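The block underneath contains the structure these notes are about, expressed in structure tokens.
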Number of protein chains: 2
Amino acid sequence: MRHVATLAGVGIKTVSRVMNEEAGVSEATRTKVLEASRQLNYQLDVTAGSLRRAGRRTLSVGLLLPSVSNPFSGEINRALEDALSARGIAVFAASLDDDPQREQSIIAAFLGRRVDGLVLTPIAKNQSYTIPEHSRDLPMVFIDREPVGVDADAVVTDNAIGAAKAAAHLLAHGHTKIAYLGDRTDIQTARERKRGFLEEIGRAGIPSSSVPIRENLHDEETARQAAIELLTSENPPTAIFSSQNLVTFGTMRALKELGKNREVALVGFDDFTLADMMDPGVTVIAQHPDRIGVRTAERLLARIDGDQEPPRTYVVPSELIQRGSGEIRPPA
Amino acid sequence: MRHVATLAGVGIKTVSRVMNEEAGVSEATRTKVLEASRQLNYQLDVTAGSLRRAGRRTLSVGLLLPSVSNPFSGEINRALEDALSARGIAVFAASLDDDPQREQSIIAAFLGRRVDGLVLTPIAKNQSYTIPEHSRDLPMVFIDREPVGVDADAVVTDNAIGAAKAAAHLLAHGHTKIAYLGDRTDIQTARERKRGFLEEIGRAGIPSSSVPIRENLHDEETARQAAIELLTSENPPTAIFSSQNLVTFGTMRALKELGKNREVALVGFDDFTLADMMDPGVTVIAQHPDRIGVRTAERLLARIDGDQEPPRTYVVPSELIQRGSGEIRPPA
DNA sequence: ATGAAAGCGCTAACAG
DNA sequence: CTGTTAGCGCTTTCAT
């Protein structure tokens with residue numbers, strides 16, 4: 001920057017003004033500076049500037065995801081990127097893998113980079129989210145989980161309502177024996193989905209004690225086994241609601257293996273690629289990770305910009321997508 | 001840091017040494033400093049340090065992807081994260097969307113953050129990759145594309161060999177009329193795949209002029225239409241090789257619509273989730289984005305560490321995965 | 001409209 | 001083994 005100033009024959013502060021597009025520079029000097037910086041291939045150093053910038057803004061935020069390779073996370077990452085890059089904010093993403101220790105060190109690493117904000121997406125099992133005391137005033141938005149011990153915004157899917165929609169849909173198609181296949185009970189969203197599902201079943205006058213429930217299914221294989229057990233029991237369900245993608249996949253496998261994929265109805269929570277290409281197409285309660293990401297970005301930016309409203313939780317509605325599997329009727 | 005030094009009753013440099021785990025600090029003072037930093041919730045500022053650090057390392061790298069929401073990109077991103085975080089290096093990822101303008105501004109943004117290296121993943125159509133002259137000596141690794149105009153390492157899949165394997169597989173199952181459905185011809189990898197495919201066909205003594213070829217298919221819908229045209233022509237192919245995921249999806253749709261999914265063989269380039277759940281399971285030439293990512297990280301770190309070897313291209317082998325669709329035999 | 005000086009938090013270089 | 005000084009590239013503050 002000094003070099004540019006010298007070459008342009010102006011003070012260093014003028015160069016700073018031009019590079020930051022601040023007002024109060026005559027068009028003539030602006031041109032001079034721009035020309036000089038072009039000649040020298042000069043590029044403003046964002047990080048160096050952060051050292052003195054008001055509020056020490058680094059123009060970067062940290063994003064904690066289950067894994068950057070997970071499709072749901074990817075969508076959120078992308079939506080966030082789009083919203084934040086428009087403001088010149090870059091995002092550091094990191095994968096948690098449900099490992100509390102990893103979580104700690106990632107948060108520490110992000111704090112060490114003085115990020116302007118944090119987005120936390122603990123969709124899976126992880127319980128901790130121990131934000132260091134001293135960074136409680138860092139702008140933060142939680143996704144899919146109500147923050148505990150921190151005052152912060154959250155953006156969540158209407159898990160209970162979505163699950164209730166699934167139940168209502170199956171009930172409307174004549175099912176009365178609908179099984180619930182769920183994720184680990186220590187996951188808040190899983191509990192919400194179960195609650196919504198059972199409440200809707202209850203509203204239909206069906207005692208929840210008669211609902212086949214299998215929980216703590218954490219991967220395709222355990223889900224598949226649970227589904228097979230259910231489906232081969234003496235009084236098998238005529239429909240299944242699966243609370244999460246991997247559980248849905250496992251259930252699909254079980255149905256196919258047993259040749260029941262066209263007999264037993266299935267509604268899964270969470271959409272996935274090629275769901276419409278399955279046999280039959282899989283009816284799902286779709287979340288909208290893109291909208292979640294957009295809303296998250298909006299809240300994070302508001303907080304970064306000094307919004308002092310009391311934190312609240314924003315709900316992004318889910319959507320029932322009919323593709324065939326959820327419209328199968330029970331045998332007469 | 002000054003505060004910590006004062007509290008611990010030591011010089012600021014000693015604190016720096018402790019925080020950076022440098023040698024030459026007595027255990028006693030080390031403990032004192034650590035205790036003080038704990039009391040003050042002190043966390044080393046990585047970016048501030050970069051200002052004076054040898055080589056001005058920012059301990060961050062930039063990653064340009066087609067889109068962070070694309071599964072292939074996600075895998076690479078993840079592998080990179082794992083390898084780099086072990087060295088305390090954080091990664092900025094950004095999505096290109098095949099937009100050369102966006103590419104330019106992202107590179108500029110990364111340079112403005114003084115990243116220690118760049119990984120460029122231009123899997124798709126994008127042609128430009130105009131790296132500014134002055135950053136030619138920045139450590140850089142290209143993925144899936146030989147760098148043009150820059151001396152840099154590249155990590156690629158064995159596209160031609162993989163495609164040849166697909167052709168050989170179909171030939172071995174008795175097919176002689178195998179169609180090629182390909183992506184845009186301005187994409188290097190697409191050309192490579194076509195070449196490998198046709199060469200293998202040629203080796204079998206089949207004139208390439210008799211091979212039905214449809215190219216410049218850039219999404220599911222155009223691929224679907226092309227496949228339908230081919231399959232409803234007077235002399236339809238008995239097998240199809242699709243050069244890329246979206247093309248494979250479109251082809252699958254076409255086959256299903258025409259009720260030919262169990263008659264016409266299909267091998268797709270690139271693996272995808274639930275490929276085994278299709279009817280029939282889809283045989284693919286799988287790439288290994290994780291291995292690509294690992295190798296990329298290894299090269300990037302080597303360059304960052306000063307490796308001066310002449311740049312070269314590293315090939316990661318693809319793998320044929322049989323799932324049913326590729327093992328369909330032609331009608332007798 | 002422009003610039004000079006100070007200093008952000010840190011590390012390199014050099015003392016001691 | 002430890003500390004002092006200088007200065008990285010920038011923005012703030014305050015002059016002019």
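In what follows, every heavy atom counts, from backbone to side chain, and hydrogens, waters and symmetry copies are set aside. In what follows, chains are A, B, ... by sequence order, proteins preceding strands, each numbered from 1. Not measured: the values here are computed from a predicted model.
A salt bridge (charged side-chain N to carboxylate O under 4.0 Å, His left out) check over residues 38-49 of chain A, counting only residues at least two apart or in different chains, returns the pairs A/Glu35-A/Arg38, A/Asp45-B/Arg114.
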Original post:
Does the salt bridge (charged side-chain N to carboxylate O under 4.0 Å, His left out) test come out yes or no for A/Asp153 and A/Arg303, once each step is laid out?
Top reply: CA-CA 9 Å; A/Asp153 293 313; A/Arg303 293 296 177 189; 2.7 Å; yes

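Applying the 4.0 Å criterion to OP1 and OP2 of C/dA1, one finds that A/Thr29 has every side-chain N and O outside that range. Taking side-chain N and O atoms only, B/Thr14 has a distance below 4.0 Å to OP1 or OP2 of D/dG3.
For A/Arg299 and A/Tyr314, the positive end is not near the middle of the six-membered ring at less than 6.0 Å and at most 45° from its axis.
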Atom pairs under 3.5 Å, N or O on each side, protein against nucleotides 8-12 of chain C: can you list them with distances?
residue : atom : partner : partner atom : Å
C/dC8   : O4'  : A/Arg52 : NE           : 3.3
C/dC8   : O3'  : A/Arg56 : NH2          : 2.6
C/dG9   : OP1  : A/Arg56 : NH2          : 2.3
C/dG9   : N2   : B/Ala48 : O            : 3.3
C/dC10  : OP1  : B/Tyr42 : OH           : 2.3
C/dC10  : OP1  : B/Asp45 : N            : 2.9
C/dC10  : OP2  : B/Met1  : N            : 3.1
C/dC10  : OP2  : B/Tyr42 : OH           : 3.1
C/dT11  : OP1  : B/Asn20 : OD1          : 3.3
C/dT11  : OP1  : B/Asn20 : ND2          : 2.9
C/dT11  : OP2  : B/Ser16 : OG           : 2.6
C/dT11  : OP2  : B/Asn20 : ND2          : 3.3
C/dA12  : OP1  : B/Ala54 : N            : 3.1

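With sequence neighbours excluded, no residue forms a side chain to side chain donor-acceptor pair (under 3.5 Å) with B/Ser37.
Among the heavy atoms of the strands, none lies under 4.0 Å from A/Thr47.
Between A/Arg102 and B/Asp82 there is a salt bridge, since at least one side-chain N of the basic residue sits less than 4.0 Å from a carboxylate O of the acidic one.
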